[in-house]
Amino acid sequence: MKTKLLLIMMLCPLMMLAESKQVTSPDGRLAVKVSVKNGIATYAVNYDGEEMMCPSRLGLMTNIGDFTQGLTMEDAKESKMEKHYDMTRTKASHSDYVANQLDITLANSKKHQMVVTFLVSDNDIAFRYTLLRQTNDNPKSAVITSEASAFLFPEGTTTFLSPQSDPMVGWERTKPSYEELYSADTEMNIRSQYGQGYVFPALFRINDKGWILLSETGVTSAYVGSHLSDYSVEKGYTIAYPMAGENNGNGTTSAGIAVPGSTPWRTITIGNSLKPIVETTISYDVVEPLYEPSEKYRGGRYTWSWLIWQDESINYQDQVQFIDLAAAMGFEYCLVDNWWDERIGRDKIVELSNYAMAKGVRLMLWYNSNGYENDAPQTPRQRLSTSYARDKEMAWLKSVGVAGIKVDFFGGDKQQTMQLYEDILYDANRYGLQCIFHGCTLPRGWERLYPNYVASEAVLASENVFFGENNAVRQPYDLTLHPFCRNATASMDWGGIIMNRYLSRDNKSRHSRKTTDVFEMASGITMQTAIQCVAMQPNNLAELPQVELDFLKALPTTWDETRYIDGYPGKFVVLARRHGQQWYIAGLNAEKAAKSLTLQLPMLAGQTVKYYTDNADGYAELKQLKIDKKGQAKVIMQANGGFILQ
């Protein structure tokens, strides 16, 4: 008996060195194993029995304790989460979220406790940390200085990533603004362009096993926005906090939270195909609205003079032309860009707004977010950076019938910048204003958190197609990549379905657009945002074929369902989106040769549908296509072209 007891006592320290707990998805295919060994907490991910993520670090470094080492697993509780909700501004109008939950209580060497929560649904993982009050109901606040959270992928994984920029560089020191180039199928060990790591979202191909999309959600004024570090052979990619130089050096790089309090959710979407990546709603599934909408906000389409006519178009008569264009096309909005307060004037803006409303169109107005964050000179400036200025400005906007604002040039991802986003959104909602952000960070669940939020740029967008021919050449690559990464996690204001053949006011000079008309039309379906820019020019009314005008007049911008059909990031994409009872199947081809595809479209089985395809001159041609009883359809996409089935 004594020998047996002694043996148990000898084994106990070893048992304490390695503790683990596993949680699986409702369908049993996705498994997360959380372990503590030698004081280090890790998690590992398997899908269909294949290792998709090697043991990766967990933990926080805070001013109330070190939760990265000396850890023990004190408790593990399993439960289920189920929620059903409706939205009107994302890729799906309804979501049924069912997940298994695991709450792991970890204690550090001083017996301070922290909870790590994992939510595991059929193709998504979300995890976050919660700091607890410790002794005598204290502390009640904490500063989180860094995260140990890591993502260690199997050897041979390739990446689809966009680098984080250095701070306070670029035009008028406005970076970082999430506007760097995405690479494709790149090895993990290649250093990022600036040595600052990579922005979210981040897409990975796990050899021939499948795909993983990383991002985060639930970032509000209560935390910083994060990104990924450069790759380390030992750790993989780790969570990185904002750079000190962001926001013109003002503000801390750490996050201050009330205790008890939680971090945002780190999200991992996994599949053996790209279908779960494209269709995921995890950004919205694990967050809740922060306030009620003050009115029923309306999606739609907007015209925008600035993309091609630039600053010179910010005058009363040119804006009348774009209002008339919006009215002729049945579009809901017209965006008046920078300098309107100086070049048109507030009194004339009131006249312009009244003119627009008489034609069934509402204005949206551009604003500079500054502040002191950078040197961007455009006005209106310092109208949204303080509460009293916002209140006065937004009251005026409401009084003159303006429907929304586009706010540009933010200063980074520090907590005080996240506070500015939230303050603008909350105050705008009080006055019934919708918000689009440019020169900005990635939105992280904001469509659900903030009901008057529309979309963000946070991508190297259409204005760069105007600025340089190299970007026009890259456009097909970019727009066949973003449905699998940037636009998979959040609404994206690319800023223009471009219908001019040349990037000039006369549509004859400067460089040409490299895509076909059907490519541009189809991009209005593959790009997801509740208010879509259709960057037509007044001359397009006389120049475009009637079949193209009719399609753009009826183009939806809100969707009830999204399905992945086919594609590969940066090469081609085919998506299906449903608006009401009507399905729209859209494809884009970024490759140098025409592509023939046999599509599986069970939702259209046995139907005869409209088939928009490119003719020899790059204009749209409307045909009829019979879908067979099995739902199969054969289509052709020209080089830099596309197709639409409706």
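The shown structure was predicted, so the numbers you read here are calculated from the model rather than taken from an experiment.
Glu19 pairs with exactly one of Val36, Val34, Ile104 by the side-chain contact (heavy atoms from CB on, under 4.5 Å) rule, that one being Val36. The side-chain contact (heavy atoms from CB on, under 4.5 Å) test with Val120 is passed by exactly one of Leu30, Ile270, Ile268: Leu30.
A tilted orientation is assigned to the rings of Phe127 and Tyr43, their planes being inclined by 30° to 60°. In this pair, Phe160 and Trp211 present their aromatic rings tilted. The plane angle is within the 30 to 60° band. Between Tyr241 and Tyr223, the ring-plane angle classifies as perpendicular under the 30° and 60° cut-offs. Using bins of under 30°, 30° to 60° and over 60° for the plane-to-plane angle, the ring pair Tyr291/Tyr426 lands in the perpendicular bin. Aromatic ring pairs are classed by plane angle as parallel below 30°, tilted from 30° to 60° and perpendicular above 60°; the pair Phe67 and His112 is tilted. Between His482 and Trp494, the ring planes are tilted. Angles from 30° to 60° get that label.
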Decide side-chain hydrogen bond (donor to acceptor under 3.5 Å, both in side chains) for Tyr129 and Ser149; before the verdict, give the C-alpha distance in whole Å, the side-chain angles of both, and the deciding distance to 0.1 Å.
-> CA-CA 10 Å; Tyr129 305 93; Ser149 305; 2.6 Å; yes

Could you walk me through whether Leu442 and Ser456 pass the side-chain contact (heavy atoms from CB on, under 4.5 Å) check?
-> CA-CA 7 Å; Leu442 175 76; Ser456 294; over 6 Å; no

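Between the side chains of Ser491 and Glu447, at least one donor N or O lies within less than 3.5 Å of an accepting N or O. Side-chain contact annotation: Glu234 with Ser232, donor-acceptor N/O pair under 3.5 Å present.
A distance of 7.5 Å separates CZ in Phe409 from CG in Asn374, rounded to the nearest 0.5 Å.
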